[in-house]
Amino acid sequence: MKVTIKNLTFKNPILLASGTYGLGTKFIGVINKMGGIITKGITVNERFGNPLPRIIETPSGILNSVGLENPGVKKFKEKILPILSKLNTHIFVNIAGTTIEEFIILTEELGETEISGLEINLSCPNIKNRQRLPAQSPKLVSKIVSAIRKRTNKFLIAKLTANFVDPLDTARAAIDSGVDAVSLINTLYGIAFDINTKKPILGGITGGLSGPAIKPFALYCIWHIKQKLDIPIIGGGGIMNANDVKEFILAGAKLVAIGSGNLVDPFLGLKILKELED
Amino acid sequence: MKVTIKNLTFKNPILLASGTYGLGTKFIGVINKMGGIITKGITVNERFGNPLPRIIETPSGILNSVGLENPGVKKFKEKILPILSKLNTHIFVNIAGTTIEEFIILTEELGETEISGLEINLSCPNIKNRQRLPAQSPKLVSKIVSAIRKRTNKFLIAKLTANFVDPLDTARAAIDSGVDAVSLINTLYGIAFDINTKKPILGGITGGLSGPAIKPFALYCIWHIKQKLDIPIIGGGGIMNANDVKEFILAGAKLVAIGSGNLVDPFLGLKILKELED
Amino acid sequence: MIVTESAQIIAHHQLTEEIFSLLLEAPKIATQVKPGQFVMIRISDNYSFMLRRPFAIADCTQNNIRIIYRVVGKGTKELSKRKPKENLDILGPLGRSIPNLKNKKIALCAGGIGIAPLKLVASKLAQTNELYLYYGAKTKKELLFLNELKALCGKLILATEDGSWGKKGLIVNFLDVAFFKEQKIEVLFAAGPLKMLKNLKIKLKDFPQLIPYVFLESRMGCGCGLCYCCGVKTINGEYLRICTDGPVFNLHQVELTSLEL
Amino acid sequence: MIVTESAQIIAHHQLTEEIFSLLLEAPKIATQVKPGQFVMIRISDNYSFMLRRPFAIADCTQNNIRIIYRVVGKGTKELSKRKPKENLDILGPLGRSIPNLKNKKIALCAGGIGIAPLKLVASKLAQTNELYLYYGAKTKKELLFLNELKALCGKLILATEDGSWGKKGLIVNFLDVAFFKEQKIEVLFAAGPLKMLKNLKIKLKDFPQLIPYVFLESRMGCGCGLCYCCGVKTINGEYLRICTDGPVFNLHQVELTSLEL
Ligand SMILES: Cc1cc2nc3c(=O)[nH]c(=O)nc-3n(C[C@H](O)[C@H](O)[C@H](O)COP(=O)(O)OP(=O)(O)OC[C@H]3O[C@@H](n4cnc5c(N)ncnc54)[C@H](O)[C@@H]3O)c2cc1C
Ligand SMILES: Cc1cc2nc3c(=O)[nH]c(=O)nc-3n(C[C@H](O)[C@H](O)[C@H](O)COP(=O)(O)OP(=O)(O)OC[C@H]3O[C@@H](n4cnc5c(N)ncnc54)[C@H](O)[C@@H]3O)c2cc1C
Ligand SMILES: Cc1cc2nc3c(=O)[nH]c(=O)nc-3n(C[C@H](O)[C@H](O)[C@H](O)COP(=O)(O)O)c2cc1C
Ligand SMILES: Cc1cc2nc3c(=O)[nH]c(=O)nc-3n(C[C@H](O)[C@H](O)[C@H](O)COP(=O)(O)O)c2cc1C
Ligand code: FES
Ligand code: FES
C-alpha cells in the first residue's frame with residue numbers, strides 16, 4: 001500500500017487530517033501506523049479560539065467553529081515538536097497565517113525542523129473578520145505559496161477550499177507556484193440556528209461543515225481537478241470506512257485524510273487500514 | 001402566513017421546488033395548498049434526459065442526474081399549461097436555456113401566458129458538455145437576466161448556484177439586472193463511484209447533491225447574502241420539516257422551496273404547513 | 001388515489017435465507033390495489049435511507065397487503081429487522097394496473113422474486129382466464145407458494161438452476177413455441193431479473209403472435225411521477241416513467257439495455 | 001489506556017419518567033476506571049448521530065459500568081430505546097481522576113442527575129474520608145439511590161424544589177457556612193446543572209477555606225483531546241479541555257459563563 005510522492009514515501013495512503021487529531025501527541029500507537037499525520041493549524045501567536053459551543057451535529061455531518069485554538073508556533077516548537085520527532089511516520093504541520101508575513105514567519109520557524117513538511121492552510125473558515133479565504137483567490141494562493149517555497153525545501157501541501165471557488169483554478173495556481181501536493185476539500189461553510197432563541201447555535205456564529213454529508217461533493221472536486229490536471233491530491237471529506245477510501249482513490253486521490261471520522265472513533269484509522277489489508 | 005413580494009402575494013411561504021414536483025399536474029390537492037409550485041426545467045427542444053440510473057442515495061442526501069428530461073416548450077404550452085392554468089396557486093415555470101437565444105425564445109413563448117412568473121434556471125448541473133454554469137459568472141447572469149427582463153413583465157426569479165462561486169456576487173448581478181427574487185441553493189456538484197466496477201454510478205456520471213446533507217451550507221449561503229443585500233430570497237436545500245423552514249426564514253429567506261423532501265413524501269408540503277399552523 | 005399510510009406490521013416471516021414475507025395492515029391502500037401495482041416503503045425515518053424502496057404488492061385483502069422481498073442491499077437488510085407491531089410508512093398504490101383480460105389463455109413467467117408481482121396477477125387473472133405458470137428459481141427452496149399457485153394456474157412448469165426441483169436450467173428456456181401455438185396462448189406476463197427479461201426478449205423472436213408484458217424495475221426517486229428519475233427508453237428513444245406508465249410494459253416497446261442499474 | 005469497546009447491555013431500567021440506568025458489560029474499560037471519569041457512547045452506527053454522547057461513570061465493578069442519564073434530546077431518547085443483549089460502542093475511560101484524598105471531611109453537592117458522577121466519587125472517597133452529601137432534585141421521585149448513599153455518607157441533607165421530600169428549595173441554599181466551619185469540611189465536590197454551579201460560585205464567597213471541585217459539561221466532539229471543541233475558559237482567558245484536563249475543575253479557576261451550551 002506504499003505511496004510515493006516526490007521525495008516522500010508513505011507506508012500507506014491514510015493520513016490523519018488537520019484539526020481532528022490534535023497536535024499529534026495522543027494515540028501515538030494509531031499515529032505510527034498511519035501514512036502520516038497533519039497537526040492542528042498552528043499560528044504565529046497563541047490563539048484561544050472561539051466561544052462555545054464549537055461543535056454541533058448536522059444530518060450526516062458536523063459543524064465546527066473551533067477557531068484555530070493552538071499554542072502558537074513558539075510554544076509548539078518548544079513543547080510539542082520534541083514529542084512529535086519521536087513519531088515513526090510523516091509529520092506535517094498545518095500552518096495558518098492571516099497575512100503573507102505570518103506565513104513567512106511560520107515557514108522560517110518550521111522550515112528547518114525535523115518534520116516531513118508543511119500543510120499550508122489557505123482555507124480555514126473559522127477566522128473572524130476575514131472577508132475571503134486565501135484559497136478563494138488563485139492569485140493569493142500563488143503569492144503565499146511562492147513566498148513559502150522560496151524559504152524551504154520541505155514537502156509542501158496546499159490545503160485548498162471548495163467554498164465559492166473552482167478548486168481547479170486554485171490547484172493549478174498552487175502547483176505552478178511550487179507545492180508538492182494539494183489537499184482538499186476543507187470544510188464547507190455552514191450555519192445552524194436555534195429556532196427557540198432564534199440565534200445561531202455556534203459560538204463562532206458560522207462554522208465548517210464536514211463528514212459524510214459532504215462526501216459526494218468532495219469526490220466531485222477531486223475528480224474534477226483530476227480530469228484536467230494530473231497532480232498529487234490528498235483527498236478527504238466524510239471518510240468513515242475503507243470503501244470511502246477506495247472511492248476517493250477512484251476519484252483521483254493519491255493519499256486520503258480522515259477528519260471527522262477521528263472524532264467519532266479515534267481508532268478509525270487503524271480500523272480502516274485493517275479493512276483495506278483484508 | 002401570507003408573504004408578499006412585489007406584485008405577488010403568496011398564501012404561505014412554501015413552494016415546491018423545480019424538478020421535484022414534475023410539471024405540476026399531479027397531487028393537485030397538495031399543490032393548491034402551497035404558496036406556489038415551480039415546474040421542472042423546460043427547454044426549447046424536447047429532452048430525453050440522461051441514461052439510468054438517475055438517482056442514488058448518499059448520507060442524508062440524494063444525488064440525481066435526471067438531465068432535464070422535459071417535453072420542450074411547445075408541447076409544454078400545448079398539453080401542460082392548460083392543466084396548470086386551473087391551479088389555484090402561483091405557478092412558476094423553470095426555464096433552462098443553454099444559450100441567451102434559447103432563454104429569449106423561452107421567455108417569448110411563456111412571457112404572455114397565464115403563469116405567475118418564470119424561474120430562470122442558471123444553475124442546472126446536469127447538462128453535459130457545459131464547462132461552467134451561467135450562475136457561476138456574475139456577468140453571464142446579468143446578460144441573461146437583462147435579456148429576459150426586457151421581454152417580459154412577469155415576476156422573475158433567478159435560480160442561482162453555490163457551486164464554485166460566491167452567490168452574493170451573482171445575487172447582486174441578478175437583482176441589479178431586474179429579477180424580483182433569487183432562489184438558491186440549487187444542488188451541489190456530486191459524484192459517487194461503484195467500488196466494484198470502479199466506475200461512476202450515475203448514468204450522467206456526475207450529479208446534483210440535495211437533501212438534509214447540504215442544509216447547513218444552504219443556510220450559510222442565504223445568511224451570507226442577507227448580511228450584505230436585503231433582497232427577497234427563496235431558500236432551500238434539505239428542508240424536511242417545519243423546523244427546517246423556520247431555520248431558513250431565520251437565515252433570511254422570505255419564501256422556501258421543498259425539493260428532495262417531495263420525493264421522500266409527496267405530501268410533505270401539506271404536513272409542514274400543518275406543523276407550521278399548529 | 002395515492003396516499004401515505006402508517007402501516008402496522010401484522011406478520012414478518014423469513015421464507016428462505018434471503019427472502020421475506022411482510023404482511024402489512026394498510027386499509028387505505030389495500031382497498032384500492034389493482035394487480036401490477038406496487039408500494040414505496042420508507043425504511044426508516046432517519047436520513048440514512050433517504051429514498052423509499054419499491055416493492056410489488058404480492059397479495060391483497062380488504063385491509064392488508066403482502067410484500068415478498070429479497071434482501072439484496074442495505075435497505076432490504078434493514079427492513080428485514082422490523083418486527084410485528086412496528087409501523088412502516090408506505091406510499092401507494094403506485095403504477096398502473098395490468099390490462100383487463102378475459103377468456104384468454106395466458107402464460108406467466110416468473111424468475112426468482114419475480115413471483116411477487118405475478119402472484120397477485122395470477123389471483124386476479126385466474127378468475128376469468130386460463131393460466132400457465134412458468135416458474136424458475138435458483139434452488140428448490142426458493143420455489144415459493146406452490147400450493148397457492150397450483151390452485152390458480154391450470155399448468156405449472158417449474159425449473160431450478162441447480163436441478164433440485166423440476167427441470168434444470170433457466171425458466172425462459174422452457175417456454176416452448178410448439179406448445180404455445182398448440183394451446184393458443186396469446187398473452188405472457190413475465191417478471192424476474194433483467195437478465196431473464198433480456199433472454200426472454202431474444203427468445204420471443206420465435207413467438208411473433210404473443211403479447212409479452214413484462215414487469216420492469218429501475219431505481220426510483222418518488223415512485224409517483226414527480227422526479228423523472230425512473231424510466232425506460234422506448235424504441236423511439238424517449239423515456240417512459242416506470243412508476244406511472246408502468247411498471248408493466250409491452251416488451252416490444254422498450255429498450256432493456258437502458259435499464260442497467 | 002483509552003479503548004473502544006462493544007459493550008453489551010446487561011440491564012436498562014427506567015428510574016423516573018426521564019431518568020434511566022444503563023448497566024454495560026465493558027471489562028476493558030471497567031478495570032481502568034477512576035472516579036470522575038466518563039465514557040462517550042455512540043448512539044447508533046448510522047450517521048443521524050454523528051457525535052458520541054458523554055456520560056459519567058456512576059458505578060463500576062470488575063466487568064461492568066453503570067450510566068445514569070436523563071433523556072433531554074434526540075440522542076438520549078434514542079439511547080433509551082436500546083434493549084438488554086444489544087451492544088453499544090463505547091469509548092473510555094475518559095477524563096482525569098479526582099484528586100487522591102485521605103482522612104478529610106468532604107462535602108458532596110449533587111443537583112439532579114449530578115448524582116451520577118458523585119455516586120462513584122462517593123464510593124471511592126468513603127473508604128478513607130468522612131462524607132457529607134447535599135443532594136437536591138426537583139421532586140421526591142428524582143432523589144435516587146438514597147439507601148446506597150446513606151451507607152457511604154455520614155450525613156445526608158436532602159432537598160426538593162417542590163418540597164415533596166427533605167428541605168424545600170435549591171440544594172445550594174442549604175450549604176451552611178457555620179456548619180462547614182464547625183465540621184472542618186475542607187473539600188467540596190459538586191455536580192449538577194450549570195445554573196446550580198453558578199449559584200454555588202456566588203455562594204462560595206462565604207467559604208474562603210473550601211476547595212471546590214466541580215464537574216463541568218460542554219458539547220464534545222471527540223472526548224479525548226483531539227478536536228479542541230470542548231473547553232472552559234480559565235480565569236487567565238485560555239481554554240482548558242474538559243475532556244482531558246477535566247471534567248473536574250477547581251471552581252475558582254474557571255469562568256462558568258464560557259459554558260453556555
Ligand atoms: C416497481 C418495482 C417493484 C419491485 N418489487 C419487488 C418485490 O416485490 N420484491 C423484491 O424483492 N424486490 C422488488 N423490487 C426491487 C427492490 O426495490 C430492490 O431490491 C430494493 O430497492 C433494494 O434495496 P436495497 O436498499 O436493499 O438495495 P441497495 O442496492 O443497497 O439499494 C441502493 C438503491 O438502489 C435501489 N435499487 C437497488 N436494486 C433495485 C432494483 N432491483 N429496483 C429498483 N431499485 C433498486 C434501491 O431502491 C436504493 O435506492 C422492485 C423494484 C421495482 C422498481
Ligand atoms: C463529561 C460529561 C459527563 C456527563 N455525564 C452525564 C450523566 O452522567 N448523565 C446525564 O444524564 N448526562 C450527562 N452529561 C450530559 C449528557 O452528555 C447530555 O445530556 C447528552 O449529551 C444530551 O444528548 P441528547 O442527544 O439527548 O441531547 P441534544 O440536546 O439533542 O444534543 C445535541 C448535542 O448537544 C450535546 N449536549 C447536549 N447537552 C449536553 C450537555 N449537558 N453536556 C454535553 N453535551 C451536551 C449532545 O452531546 C449532542 O452533541 C454529561 C456531559 C459531559 C460533558
Ligand atoms: C473539529 C475540526 C477541526 C478542524 N481544524 C482544522 C485545522 O485546524 N486546519 C485545517 O486545515 N483543517 C481543519 N479541519 C478540516 C479537516 O482537516 C478536514 O479537511 C475536513 O474536516 C473535511 O474532512 P472530514 O469530512 O473527513 O472531516 C478541521 C475539521 C474539524 C472537524
Ligand atoms: C430529482 C431532482 C431534479 C431536479 N431538477 C431541477 C430542475 O429541473 N431545475 C432546477 O432549477 N432545479 C432542479 N432541482 C433542484 C431543486 O429544485 C432544489 O433546488 C435542490 O434539490 C435543493 O433542494 P433540496 O435539498 O430540498 O432538494 C432538482 C432536484 C432534484 C432532487
Ligand atoms: S420514480 Fe420519480 S418519476 Fe418515477
Ligand atoms: S471533546 Fe475533543 S478535545 Fe475535548
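Every chain is numbered from 1, with letters handed out A, B, ... down the list of sequences.
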Most contacts with chain B, counted as non-hydrogen pairs under 4.5 angstrom, among C/Leu226, C/Asp89, C/Val232: C/Leu226

C/Leu91, part contacting chain B, at a heavy-atom distance under 4.5 Å: side chain

Segment of C/Met220 engaging chain B (4.5 angstrom heavy-atom cut-off): backbone

Whether C/Arg42 side chain and B/Val264 backbone form a donor-acceptor pair below 3.5 Å: no

Contact check, side chains of C/Arg241 and B/Glu69, non-hydrogen atoms, under 4.5 Å: yes

Pairwise side-chain contact, C/Met50 with B/Pro59, heavy-atom cut-off 4.5 Å (strictly under): no

Any side-chain heavy-atom pair of C/Cys227 and B/Val66 under 4.5 Å: no

Rounded distance [0.5 Å steps], NZ in C/Lys74 versus CD in B/Glu57: 4.5 Å

Within-4.5 Å side-chain heavy-atom neighbours: B/Phe27 and C/Ile2: yes

Chain C contact via B/Thr25 - side chain, backbone, both or neither, heavy atoms under 4.5 Å: neither

Among B/Thr20, B/Leu23, B/Ile55, B/Asn70, the one residue meeting side-chain contact (heavy atoms from CB on, under 4.5 Å) with C/Tyr228: B/Leu23

Contact winner vs chain C - B/Met240, B/Lys40, B/Arg54, heavy-atom pairs under 4.5 Å: B/Arg54

C/Gly231 versus B/Leu52, closest heavy-atom pair with distance: O-CD1, 2.8 Å

Chain C contact via B/Tyr21 - side chain, backbone, both or neither, heavy atoms under 4.5 Å: both

Among B/Gly24, B/Ala213, B/Gly61, B/Pro212, residue most engaged with chain C (heavy-atom pairs, under 4.5 Å): B/Pro212

Best-contacting candidate, C/Cys229, C/Cys222, C/Cys224, C/Gly223, against chain B by heavy atom pairs under 4.5 angstrom: C/Cys229

Contacting region of B/Leu16 [heavy-atom separation from chain C under 4.5 Å]: neither

Proximity breakdown for C/Thr4 and chain B, heavy-atom pairs closer than 4.5 Å: both

